[in-house]
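Only one structure is covered here, and it is reproduced in the block below.
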Amino acid sequence: MANVVVIGTQWGDEGKGKIVDLLTAHASRVVRFQGGNNAGHTLVVNGQKSIFHLIPSGILYPDKRCLIGNGVVVDPEVLLDEIKGLGERGIQVGPERLGLSERAHIIMPYHKAIDIAREQAKGSSKIGTTGRGIGPCYEDKIARVGIRAVDLTEPDVLEEKIIHNLREKNFYLANFLGAEPLEPPPIVERYRSLSSELAPYIVDVSAELDEASRENVSILFEGAQGTHLDVDHGTYPFVTSSNPVAATACVGAGIGPQALDSIVGIVKAYTTRVGSGPFVSELDDEIGTYLQERGQEFGATTGRPRRCGWLDMLVVSYATRVNGTTHLAITKLDVLTGLDPVCLCTAYDCKGERLHSMPTKLSTLNACKPVYEEMGGWKEDISEARALEELPKNARVYVKRIEELAGIPISIVSVGSDRKQTIVCTNPFDS
């Protein structure tokens, strides 16, 4: 059986949660491999909405094992709240259903305090961080002073690391950022309490995945955010602090690259992004408002309204290259219903020069104007379509044009928010 990676090709919020939920039916393990609770995956199954920030989207299948890899930074309180919230809905998530990598780094209160204070200090030049402590946690990981899940199982080690880290963090908070310092005892006490609740979930995810591979069962790797928020490949510095690209599935889960068979790139039928940063095809008009309202484009994590625009194929093409994408999944095609014409951005105009790939320099990118290809729209309700042939002609032409420009076959088309409202052309697990 094949192993499949699901990644976002834009700035996140492409609808990865729904596609992961759909593909979970064909997998034995579902693994989240990067990011933190700054991401939110929204699923609608039989009309009931679920939002997950840390637990993999596959948790709604009672017979699937979900894992949080070492590449994820974990806020213990958020994770335990998600587990509790599912339990209140009758979905029991015990250690037999969910595992947390012992190597995953833990978000601490001082990470969140630094994140918030830094953003406030930047004023109008702020990046748009969620303030969840994600970036500062990754910083500590690279600086080799991070606290890992395995440290939660050793109370003395945990206390020593908290006290040691707070000496530096408090100096930085108070003397540079002008924020209040934090006292060690309440943090030590709180995290010791959290440790006892989380300990049963802490496992060696890498070893478990190796065993699954030897048993020849399928694994689904779930990324967060999107390619253009990647700290290396995104619109830096308006990016996240991890690598949401497909190659990170190996690093963030502890498995070799030979295990990856199919890479599914999720493409929203239009483009959105949250926070600051360049956005060439952004629409500051009634069409942008239409997309935002009809698409319910408000952040699952923060509630912030998303900026909206026409689908930018330079964004998608870049993502297919750096991810080695083998399949595309188009989401929210139904949101475009009622618009005529619909447009695709197929090039940029930069002061009279035609560009066919995204520039790295922000000054150049900010100077770019979109070059659009106009296509006919459609008014028919497409939410009941279950095959491409059932879509209106213009919708089929639009989907086909995306496939041609990306150079990647379209595997899945979503025509509504519910799991059932999906057209499956090919199954990535069959590759």
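Owing to the predicted nature of the structure, the values given are computational and were not obtained by experimental measurement.
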Determine the sole option in T426, N427, D430 for which the side chain to side chain donor-acceptor pair (under 3.5 Å) test with S411 is passed. T426
Can you list the residues that meet the ring-ring contact (aromatic ring centres under 6.0 Å, His included) rule with F176, with sequence neighbours excluded? Y172
Side chain to side chain donor-acceptor pair (under 3.5 Å) partner of Q225, the single match among N38, D230, D13: N38
List the atom of T9, the atom of A319, and the distance in Å for their closest heavy-atom pair. O-CB, 3.3 Å
Which label fits Y372 and W310: parallel for a plane angle under 30°, tilted from 30 to 60°, or perpendicular past 60°? perpendicular
Contacts of S357 that satisfy side-chain contact (heavy atoms from CB on, under 4.5 Å) - sequence neighbours left out: none
V267 side chain reached by Q10 side chain, heavy atoms, under 4.5 Å: yes
Measure the spacing between CG of D140 and CD1 of I114 and express it to the nearest 0.5 Å. 7.0 Å
Side chains of S417 and K18: do they bring a donor and an acceptor to under 3.5 Å? no
Show me the pairs that pass salt bridge (Lys or Arg N to Asp or Glu O under 4.0 Å) and involve residues 68-78, at least two apart or across chains. D75-K112, E77-R190
Residues E282, R307: salt bridge by 4.0 Å N-O rule: yes
Note: E139-R118 ion pair, threshold 4.0 Å (strictly below): yes
